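Here the structure is laid out as structure tokens; the discussion comes afterwards.
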Amino acid sequence: MVSHHPDTRLLNEHAAGALDLAPSVCVTLHLNYCEQCRRAHRQLRDLGAGLFDRLPPQAVSENLMDAVMARLDHEPEPLSYRATAAAEGCPPLVQRLMQRDYQDLDWRKIGSQVRICHLRTGDQDNEFALYHIRAGGRIPRHTHRGTELTLVLEGSFSDESGHYEAGDFLMRDGHNQHTPTATRDRDCICVGVLDAPVRFTDWRFRAANPFLRLNAC
Amino acid sequence: MSGTAADNPGGKRDDEWSQCLELIGRARDRAAFARLFTHFAPLVKAFALGGSPLAASHSEELVQEVMIKVWQKASAFDARKASASTWIYTIARNCRTDLYRRLQKFDTPISADDIWPDMDTGDLFAAVQSNRDASRVRGLLGELPHEQAQILAKVYMEGKSHSEVAEELDLPLGTVKSRVRLAMNKLQLMVEK
């Protein structure tokens, strides 16, 4: 049951196309799981359409209609929607970014319980990564220089302020310090989107802070 | 599909555009397309000009692209799920987003259609509810105070983030956020959050 949602600002910016690509992917993933936010999204799309209807019309060039009419018969029909067969438990959008199975990705270990894999979205300002936390494992206590969005894809985890399951969406910033810990019964896979590197507050990892870089690509 | 004329003032005209789309989808009707073009092309151009300067400099290219997509996809239009102008607005939004990324030489495997897949429900009850929401929003939009409407226009028509709007209007970010929340309340959107 999804119980953590993107806030009003994120839902509005997402629907309007005013949000960067990587955070937009994260919000779209949440919508896959959440009818309540899908309904909100439909409403916001209608809001956009209402504003569109009210725009002061701008005259187009005289020959534009003819130019378009002339092209109608020559344009190829659009490709039908790519209905990629989704691997179990993995949304098509994530599959598109991974282009292979979880186990075949280029994972990098952070300690013994966590591994991370950066995926290329084309967004140069935001890092998009998958986190795999072993059952019962934890991500070292950290805080944020910017904003961190998290979406749970599989399994579940808890931190100081709650418990999160598949589809749950979290936003954390510099005001929050947390230690995400996967539940004991199964591994947890999350999407994490960062606009600035995290800062470890756990003394064992603190030495790494000056070397942390945003891996946006 | 929609409610009475009283709660849906644009309903009648919108029916006309829905019929045009159906004629295009079913019969490849060029006269219907020309009517639709005459009404919507200037709106799409205004929308293109409102976007980033980069996309604005290609505004008529965007109009062409959007109107050709309308022609190609018309058979997928379903008046029970969305009004004609909502349907055309989403095509324009998606095309503008993709155009901007193309012009920026953004190398990405993701397209706007992936970010905003068809989220219409197959559930008829929910579709009716959705249509009711939509006509209510349109009706209430005209009643928003200028300071709220102005921010929504910047976010939706100009594609600006709340932070960008705050900077442009020289307002604290918190003020922009709270005006958006007030507008949501007034439009009776997402009030449960």
Side-chain angles (χ1 to χ4, degrees), chain A residues 5 7-9 11-21 24-25 27-28 31-32 35-61 64-65 67-69 71-72 75-78 81 92-93 96-97 99 120-124, chain B residues 10 30 33-34 37-38 41-43 45-47 49-50 60 63-64 67-69 71-73 83 85-86 89-90 92-93 96-97 101 106-110 112 114-117 119-121 126 130 133-134 137-138 141 152-153 155-157 159-162 177 180-181 184 187 189-190 193:
Chain A
H5 309 273
D7 65 10
T8 303
R9 172 183 75 82
L11 286 172
N12 270 287
E13 289 180 354
H14 173 262
L19 194 59
D20 285 350
L21 185 57
S24 289
V25 171
V27 174
T28 299
L31 297 182
N32 282 330
E35 172 54 28
Q36 182 190 326
C37 288
R38 278 200 297 276
R39 180 172 175 209
H41 177 81
R42 287 193 294 270
Q43 292 177 333
L44 295 174
R45 179 199 61 183
D46 293 329
L47 165 61
L51 293 161
F52 173 74
D53 278 344
R54 285 162 179 269
L55 285 173
Q58 298 291 320
V60 298
S61 316
L64 195 67
M65 193 193 307
V68 170
M69 288 291 211
R71 283 175 63 186
L72 293 183
E75 291 292 323
E77 291 295 311
Y81 275 93
L93 194 47
R96 171 85 44 82
L97 293 170
Q99 295 174 337
R120 195 182 67 80
T121 60
D123 184 338
Q124 301 292 320
Chain B
R30 283 172 176 260
F33 182 76
F37 188 100
T38 307
L43 289 179
K45 181 161 176 183
F47 181 70
L49 291 171
E60 296 217 335
V63 174
Q64 294 203 34
M67 295 315 294
I68 285 168
K69 278 237 165 81
W71 173 263
Q72 290 175 329
K73 294 172 93 177
S83 71
S85 67
T86 296
Y89 157 70
T90 57
R93 176 198 59 189
R96 189 175 79 176
T97 305
R101 295 200 172 123
F106 226 83
D107 181 14
T108 176
I110 306 274
D114 298 317
I115 295 295
W116 300 290
M119 278 179 240
D120 286 314
T121 162
S130 229
D133 287 346
V137 167
R138 271 159 212 269
L141 211 45
L152 291 181
V155 174
Y156 280 84
M157 295 300 103
K160 290 181 174 139
S161 68
H162 287 32
K177 284 183 177 177
V180 169
R181 269 197 303 272
M184 296 296 116
L187 299 171
L189 297 177
M190 314 192 303
K193 292 236 175 85

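Small disclaimer: the values here were computed from a predicted structure and weren't measured. The sequence lines fix the lettering, A, B, ..., with proteins before strands; numbering per chain opens at 1. Note that these values count all heavy atoms, side chains included, but never hydrogens, waters or copies made by symmetry.
Under the 4.0 Å criterion applied to side-chain N and carboxylate O atoms, D114(B) and R96(A) are assigned as salt-bridge partners. Classification of D7(A) and K177(B) as a salt-bridged pair fails, no side-chain N sitting under 4.0 Å from a carboxylate O.
Summarising the geometry of G122(A) relative to F106(B), their closest heavy-atom pair is O-CE2, 3.1 Å, with the distance given to 0.1 Å.
Between the CE atom in M184(B) and the OG1 atom in T8(A) there is a gap of 7.5 Å [rounded to 0.5 Å]. Atoms CG and CG, from D107(B) and D123(A) in turn, are 12.5 Å apart once rounded to the nearest 0.5 Å. T97(B) OG1 to L19(A) CG: the interatomic distance, rounded to the nearest 0.5 Å, is 11.0 Å. The structure places CG of L55(A) at 8.0 Å from CZ of F47(B), a figure rounded to the nearest 0.5 Å. The distance from atom CG of L189(B) to atom CZ of R39(A), rounded to the nearest 0.5 Å, is 9.0 Å.
For a residue to count as touching a neighbouring chain, one of its non-hydrogen atoms must lie under 4.5 Å from one of that chain's; by this rule L31(A) touches chain B with the side chain only. In this structure, the portion of L49(B) lying under 4.5 Å from any heavy atom of chain A is its side chain and not its backbone. Heavy atoms of V155(B) lying under 4.5 Å from chain A belong to its backbone as well as its side chain. Of the two parts of R30(B), the backbone and the side chain both hold a non-hydrogen atom closer than 4.5 Å to a non-hydrogen atom of chain A. Heavy-atom distances place both the backbone and the side chain of L43(B) under 4.5 Å from chain A. In this structure, the portions of R120(A) lying under 4.5 Å from any heavy atom of chain B include both its backbone and its side chain. Only the side chain of T90(B) comes within contact range of chain A, judged by heavy atoms closer than 4.5 Å.
Residue with the most contacts toward chain B among G17(A), A18(A), A67(A): A18(A) (heavy-atom pairs, distance under 4.5 Å). Ranked by heavy-atom pairs under 4.5 Å with chain B, the first of T28(A), V25(A), N12(A) is N12(A). Comparing T86(B), V137(B), V180(B) by how many heavy-atom pairs each has under 4.5 Å with chain A, the most go to T86(B). Among R38(A), M65(A), R71(A), the residue with the largest count of heavy-atom pairs under 4.5 Å with chain B is M65(A). When each of L97(A), L93(A), L64(A) is scored by its heavy-atom pairs under 4.5 Å with chain B, the top score falls to L64(A). Interface check for chain A: of the options A41(B), A34(B), A92(B), the most heavy-atom pairs under 4.5 Å are formed by A34(B). With respect to chain B, the highest number of heavy-atom pairs below 4.5 Å among V68(A), D20(A), L21(A), V27(A) belongs to L21(A). Across R96(B), K160(B), M157(B), the residue that shares the most heavy-atom pairs under 4.5 angstrom with chain A is M157(B).
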Residues H14(A), W116(B); criterion side-chain contact (heavy atoms from CB on, under 4.5 Å); working and verdict:
CA-CA 9 Å; H14(A) 173 262; W116(B) 300 290; 3.9 Å; yes
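The side-chain contact (heavy atoms from CB on, under 4.5 Å) check on N32(A) picks up L29(A), P91(A), with sequence neighbours excluded.
Not one N or O on the side chain of W71(B) forms a donor-acceptor pair closer than 3.5 Å with the backbone of M69(A). Checked by atom type and distance alone, the side chain of Q43(A) never pairs as donor or acceptor with a backbone atom of D133(B) at under 3.5 Å. Of the possible donor and acceptor atoms, one in the side chain of E60(B) sits under 3.5 Å from a partner among the backbone N and O of S61(A). Not a single donor-acceptor pair under 3.5 Å links the side chain of R93(B) to the backbone N or O of R45(A). With hydrogens and angles disregarded, a donor-acceptor distance shorter than 3.5 Å links the side chain of T108(B) to the backbone of T121(A).
Using a 3.5 Å distance cut-off with no hydrogens or angles, the side chains of D46(A) and Y89(B) do not pair a donor with an acceptor.
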